[in-house]
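Okay, so here's the structure we're looking at.
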Amino acid sequence: MTEQLNTGSHDLPITPELAAFMRTGWADTRRTGVTALPIAPWAARRRAALAARFPGERLVVPSGTLKVRSNDSDYRFRPHSAYSYLTGAGEPGDVLVIEPSGQAVLYVRPRSPREEGEEFYRDRRYGEFWVGRRPDLAEASELYQIECAHIRDLRSEGPARVLRGVDASVDALVPAGGRDAELEVFLSEMRLVKDEWEVGELQSAVDATVRGFEDVVRALPAALGHPRGERYLEGVFGLRSRLEGNAVGYDSIVASGAHACVLHWIRNDGALAEGDLLLLDAGVETDTLYTADVTRTFPLSGRFTPAQRQAYELVLAAQDAGIGALKPGASFRDFHLAAMRVICEGLHDWGLLKDSPDALMESGLYRRYTLCSSGHMLGLDVHDCARSRAEVYLDGVLEEGNVLTVEPGLYFQPDDLTLPAELRGMGIRIEDDLVVTAEGATLMSKALPRHPDEIESWMNVVRS
């Protein structure tokens, strides 16, 4: 691996005298007594399971590279989820290699010694004076409980399976051999069942998210008076996510009024009207990169109108049916089908759709008002395990330790003439995070109310 000094376009030249001066006079800041990260023993088990799946093979999993946001400014780095899962490390440009023997080596870019070179004060991407301190090799080995080597020592040593598309330099270093797709799939399927440590991290993410939702409700009076009230609330939740975690796990959806009918509304540039509903879909990502994914829809006035309550209660009944279908051995799709049957029954009872619920389930006409699936796996990615084979995920069965969302919704577009006027422009989703247990499923986000009466009482208490 070749190294390149990343100086800025407006960097000032360095005289020989300054270069010599910068190499001397620094205190020894090496750290001793470094404590292993809590994830370390869990990551070691995962690496062992990966090595056992591909015995006698070399496996290469990069962390990823920095991505340019604008000119010489990069986005804040987040490692690839598979790399984080297997190491707990989080620096750009690093690479995990599992050798045919099963031994794991983490190739990292250690902090550059002050007495060597100019990286520590000139390199705008990796220099310590520009972006902060990285661990040296000894510190990294202690933190991650794995043998560490310098990234410049990474070599191509024959055939290997590579997690491709993550780091172009690694892709170029190891020729493609047509065996990489199976590695990517297994790295995704490994995460379908969460271990005890992961469930704890996800619960922490959910708990912080609950506090973020409370912050949003508390901020409503100020946000209602702002021309970009949605963005005001986005910022309030974002503050909580940065105070208690790494960031938001995905771009927050802060959708008032008809904006809630846009499934992935992330512009968040609208004003708030007191008679409207607010759909808030947001999740805190922990420092270990596990994210919550919770949605609540609540009345900006503090009280549901009769039409809002009618629609909300149908979505709640659908979610209850979906949650009730969660148990080990159930088909993954069962909870979605249970929720959609309730939606079909409700739309039929309202007279919006004339066909019987059975006929609607068959024809799919109900999907005009609820386009998307009712949930997904959750973990390091908000839509976790997405590279898994259909037969073990979407067409598979639930297992104890699966963590997933249940999130049915109704989205009544503002220009839909099949609807009565009082429903047009109303979007409602209720989303909770659950872990499958031997008895069924545990509602991880139960601290947030779901019933409309409870929501009204909660809003009144939080805002008082």
Side-chain angles (χ1 to χ4, degrees), residues 1-14 22 37 60-96 106-114 116-137 139-140 143-144 148 150-152 154 162-173 231 234-235 237-239 241-252 266-268 282-291 380-383:
M1 300 282 286
T2 60
E3 294 186 77
Q4 180 177 354
L5 192 66
N6 294 284
T7 57
S9 59
H10 55 284
D11 196 36
L12 297 173
I14 300 295
M22 292 297 290
L37 296 177
V60 182
V61 181
S63 69
T65 58
L66 290 164
K67 293 179 174 60
V68 175
R69 183 186 186 278
S70 174
N71 190 29
D72 57 356
S73 298
D74 294 318
Y75 285 102
R76 184 180 289 119
F77 180 71
R78 185 193 188 279
H80 192 282
S81 294
Y83 176 86
S84 178
Y85 180 75
L86 295 168
T87 67
E91 296 290 342
D94 294 348
V95 182
L96 170 68
L106 192 59
Y107 290 87
V108 303
R109 178 191 289 266
R111 66 185 301 235
S112 50
R114 302 289 172 82
E116 298 177 14
E118 303 174 350
E119 180 187 271
F120 71 94
Y121 68 95
R122 292 200 69 189
D123 193 312
R124 292 167 181 257
R125 272 192 156 182
Y126 300 105
E128 186 170 331
F129 285 12
W130 289 95
V131 297
R133 191 185 195 280
R134 298 190 307 275
D136 61 26
L137 290 179
E139 293 165 356
L143 280 171
Y144 312 129
C148 291
H150 200 296
I151 189 65
R152 66 189 173 202
L154 179 63
V162 179
L163 182 62
R164 295 196 179 270
V166 179
D167 186 327
S169 65
V170 174
D171 289 349
L173 183 68
R231 198 158 289 183
E234 179 185 12
F237 187 86
L239 175 61
S241 72
R242 287 292 283 163
L243 290 176
E244 294 205 33
N246 177 59
V248 290
Y250 53 94
D251 286 330
S252 300
I266 58 173
R267 298 180 199 171
N268 301 339
V284 171
E285 179 184 77
T286 64
D287 290 330
T288 56
L289 307 185
Y290 286 84
T291 185
L380 283 165
D381 296 330
V382 65
H383 297 144

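All values below were derived from every heavy atom in this structure, side-chain atoms included, with hydrogens, water molecules and symmetry-related copies excluded.
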Take Leu96 and Tyr83 through the test side-chain contact (heavy atoms from CB on, under 4.5 Å) and record every step on the way to the result. CA-CA 7 Å; Leu96 170 68; Tyr83 176 86; 4.2 Å; yes
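- Checking side-chain atoms of Arg134 against main-chain N and O of Arg109 turns up a donor-acceptor pair under 3.5 Å.
- To the nearest 0.5 Å, atom CD of residue Glu139 and atom OH of residue Tyr144 are 10.0 Å apart.
- Here the CG-CZ distance, from Leu66 to Arg76, works out to 12.5 Å after rounding to the nearest 0.5 Å.
- Every residue meeting the side-chain contact (heavy atoms from CB on, under 4.5 Å) condition with Asp171, not counting sequence neighbours, appears here in chain and number order: Val162, Arg164.
- Relative orientation of the Phe120 and Phe129 rings is perpendicular, given thresholds of 30° and 60° on the angle between their planes.
- Expressed to the nearest 0.5 Å, how far OG of Ser112 lies from CZ of Arg122 amounts to 13.0 Å.
- Asn268 places a side-chain N or O within 3.5 Å of a backbone atom of Ser252 that can act as its donor or acceptor partner.
- Val108 is not listed as a side-chain neighbour of Glu91, based on a closest heavy-atom distance of 4.5 Å or more.
- Of the possible donor and acceptor atoms, one in the side chain of Ser63 sits under 3.5 Å from a partner among the backbone N and O of Gly93.
- Contact between Gly90 and Pro79 at its shortest, heavy atoms only, is CA-CG, 3.8 Å.
- Interatomic distance, OH of Tyr75 versus NZ of Lys67, reported as 10.5 Å (0.5 Å rounding).
- Note that OG1 of Thr87 is 11.0 Å distant from CG of Leu143, once rounded to the nearest 0.5 Å.
- Of the possible polar contacts, none joining the Asn246 side chain to the Thr286 backbone as a donor-acceptor pair under 3.5 Å is found.
- The closest side-chain heavy-atom distance from His150 to Pro110 is below 4.5 Å.
- For Ile266, the side-chain contact (heavy atoms from CB on, under 4.5 Å) criterion is met by Asp251, Ile253, not counting sequence neighbours.
- A donor-acceptor contact shorter than 3.5 Å is absent between the side chain of Ser73 and the backbone of Arg69.
- The only member of Glu119, Arg125, Arg124 that meets side-chain contact (heavy atoms from CB on, under 4.5 Å) when paired with Trp130 is Arg124.
- Annotation: the span from His80 atom NE2 to Leu86 atom CG amounts to 10.5 Å, rounded to 0.5 Å.
- Proximity of Thr65 to Pro92: side-chain heavy atoms (C-beta onward) are nowhere separated by under 4.5 Å.
- Qualifying side-chain contact (heavy atoms from CB on, under 4.5 Å) partners for Ser81, counting only residues two or more places apart in sequence or in other chains: Arg78, Arg191, Leu380, Asp381.
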